[in-house]
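These numbers come from a predicted model, not from an experiment.
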Amino acid sequence: MSKKVTVLGSTGSIGRQSLEVIAACGMEAVALAANSSAKLMEEQARRYRPALAALADERAAADLRVRLADTNVRVVGGLEGVLEAATISSADTAIAALVGMAGLRPTLASIREGKRVCLANKETLVCAGPLVLEEAKDYGAKVYPVDSEHSALFQCLEANRDRGEVKRLILTCSGGPFYGKKREELAGITVEDALKHPNWSMGAKITVDSATLMNKGLEVIEAMHLYRMPVEKISVVIHRESIIHSLVEYCDNAMLAQLGAPDMRLPIQYALTYPKRIPGPSAPLDLWNCGPLTFGAPDLEAFPCMALALEAAKTGGTAGAILNGANEAAVGLFLEGKIGFLDIPARVEKALASVPAVQNPTMQDILDADQAARETVL
């Protein structure tokens, strides 16, 4: 069970909820890191009193240094500052919640210190799964999932640790705000439309990924690495209510599911406290009033991002880094109003076709693939 925690990505949705859990469970936040939100970081630093606060943006870090001049919080900036937060010796745990490819190096840095890593950054495993997990093994670091779906799979797999008896992992998917729409109906989708998720309150990038179903494709790749399962043994089911967070089907056709209210504080807490369960701040599930539970198949024609992710999963190597880099760049352009909603999968597909995938990649191969994919999209 964690006692002293670094929160990488503290100003994002997962980071803010992580700090709630840390406080409610009697833990201590010893370091905070984020990209550029100086004002929110100041508020967090004053409330939680970490020893260290890091902002990747140097100008924002300089601003934060002035804001916190009357405190004992040490402020650092740039990638080196974030890496210092990731490796701070007083922390036994790091919550890896930096968004996108930016989370890879800090997560690896925490792993190399042998810390418990509560992984909320799925891109780390999508881009460099085998490398990351091999380093975790070498350095004795434990990696626990924070995504609600992967936490659910982890909890269901705890019932039977013989992976040979697992028939299938089943990831649930809300379907996003456009469930049921045909491809032609998605042409005029606006940024505002895409950011209206029916069940979860998340950051802009992951909310768009949920709308395109890319998020679920990325989760399939993440599950492959976390649970060492081939893509053929991982399925996705649309479950609009987000009550069942995922399921495991065993060889005897029994299915185990983890249920809970759509509240990210529960999987965050389980990653921090495993193998213990303790009372925490997450909302209880009211079975009498949660309504009927429904299930359906994803529409890969209307939402081709998921199909592209499944193909990248089968290709392996740097295909995950190409997929992720292209998607991050395309989603960024969409959020800026420079391309349309349907241009996201089109540009990701172009990158996957244009950038060769390298098998058994080094870290440099992964970084090069990411950069090449972004350049193709832009």
Side-chain angles (χ1 to χ4, degrees), residues 99-101 121-129 147 149-150 169 171-179 181-187 189 194 205-225 229-238 297-335 338-359 361 365-366 368-378:
V99 176
M101 187 68 168
N121 173 282
K122 62 178 62 67
E123 294 86 355
T124 290
L125 293 186
V126 169
C127 296
D147 270 352
E149 295 85 355
H150 291 103
L169 306 180
L171 291 160
T172 55
C173 173
S174 73
F178 310 130
Y179 175 70
K181 290 186 179 294
K182 299 301 180 185
R183 186 171 176 80
E184 56 271 17
E185 298 178 83
L186 300 174
I189 292 299
K205 193 266 181 182
I206 190 173
T207 305
V208 174
D209 283 349
S210 295
T212 64
L213 297 199
M214 176 61 87
N215 188 55
K216 206 53 51 177
L218 297 177
E219 287 179 4
V220 168
I221 299 175
E222 187 179 13
M224 287 174 57
H225 297 307
M229 289 285 173
V231 67
E232 293 79 14
K233 295 183 73 170
I234 304 172
S235 300
V236 173
V237 62
I238 301 294
D299 183 347
L300 300 188
E301 182 178 343
F303 300 95
C305 278
M306 186 174 155
L308 294 171
L310 295 178
E311 284 302 313
K314 293 174 184 176
T315 302
T318 56
I322 297 165
L323 174 86
N324 181 72
N327 181 64
E328 283 192 29
V331 170
L333 291 175
F334 172 69
L335 289 170
K338 294 179 179 179
I339 63 173
F341 186 76
L342 291 180
D343 292 323
I344 297 173
R347 297 206 180 194
V348 172
E349 184 174 20
K350 178 185 175 185
L352 286 168
S354 303
V355 181
V358 176
Q359 298 300 320
D365 291 329
I366 291 165
D368 289 345
D370 172 77
Q371 185 60 36
R374 292 171 190 271
E375 291 172 358
T376 300
V377 168
L378 299 173

**OP:** List the steps and the verdict of side-chain contact (heavy atoms from CB on, under 4.5 Å) for L310 and V231.
**Re:** CA-CA 7 Å; L310 295 178; V231 67; 4.2 Å; yes

Subject >> Atom of F178, atom of L186 and distance for their closest heavy-atom approach >> reply: CB-CD2, 3.7 Å

Subject >> Minimum-distance pair of heavy atoms, taken over all atoms of A357 and T315 >> reply: CB-CG2, 4.0 Å

Subject >> Minimum-distance pair of heavy atoms, taken over all atoms of G325 and A373 >> reply: C-CB, 4.3 Å

**OP:** Say whether N324 and K122, considering side chains only, have a donor N or O and an acceptor N or O under 3.5 Å apart.
**Re:** no

Original post:
Rounded to the nearest 0.5 Å, how far does CE of M306 lie from CG of L308?
Top reply: 11.5 Å

Subject >> CZ on F334 to CG on L342, rounded to 0.5 Å >> reply: 9.5 Å

Original post:
Rounded to the nearest 0.5 Å, how far does CD1 of I322 lie from CG of D368?
Top reply: 11.0 Å

Original post:
What are the two closest non-hydrogen atoms of A330 and R347, and how far apart are they?
Top reply: CB-CB, 4.4 Å

Original post:
Any side-chain heavy atom of K182 within less than 4.5 Å of one from D299?
Top reply: yes

**OP:** Measure the OG1-CD distance between T318 and Q359 for me, rounded to the nearest 0.5 Å.
**Re:** 7.0 Å

Original post:
How many angstroms lie between CE in M214 and CG in L323, if you round to the nearest 0.5 Å?
Top reply: 4.0 Å

Subject >> Note, L213 side chain near C305 side chain (heavy atom, < 4.5 Å) >> reply: no

Original post:
Run the side-chain contact (heavy atoms from CB on, under 4.5 Å) check on E219 and D147 step by step: do they pass?
Top reply: CA-CA 9 Å; E219 287 179 4; D147 270 352; 3.9 Å; yes

Subject >> Partner set under side chain to side chain contact (heavy atoms under 4.5 Å, CB included) for I238, not counting sequence neighbours >> reply: C173, Y179, R240, P298

Subject >> Flag, side chain of K216 to backbone of D209, donor-acceptor distance under 3.5 Å >> reply: no

Original post:
For K233, does the NZ atom sit with more than 12 other heavy atoms under 6.0 Å from it, leaving out its own atoms?
Top reply: yes

**OP:** Evaluate the side-chain proximity of V208 to I344: yes if any heavy-atom separation is below 4.5 Å, no if none is.
**Re:** yes

Original post:
In Å, rounded to the nearest 0.5 Å, how long is the span from NE2 of H150 to CG of L171?
Top reply: 5.0 Å

**OP:** Side-chain contact test, heavy atoms from C-beta onward, threshold under 4.5 Å: evaluate it for M101 versus I366 and give yes or no.
**Re:** yes

Subject >> For the student: nearest non-hydrogen atoms of P177 and A194, plus distance >> reply: CG-O, 4.0 Å

**OP:** Sequence neighbours left out, what pairs pass side chain to side chain donor-acceptor pair (under 3.5 Å) with at least one residue falling in residues 369-378?
**Re:** E328-R374, D370-R374, Q371-E375

Original post:
Are any of the side-chain heavy atoms of D343 and K350 separated by less than 4.5 Å?
Top reply: no

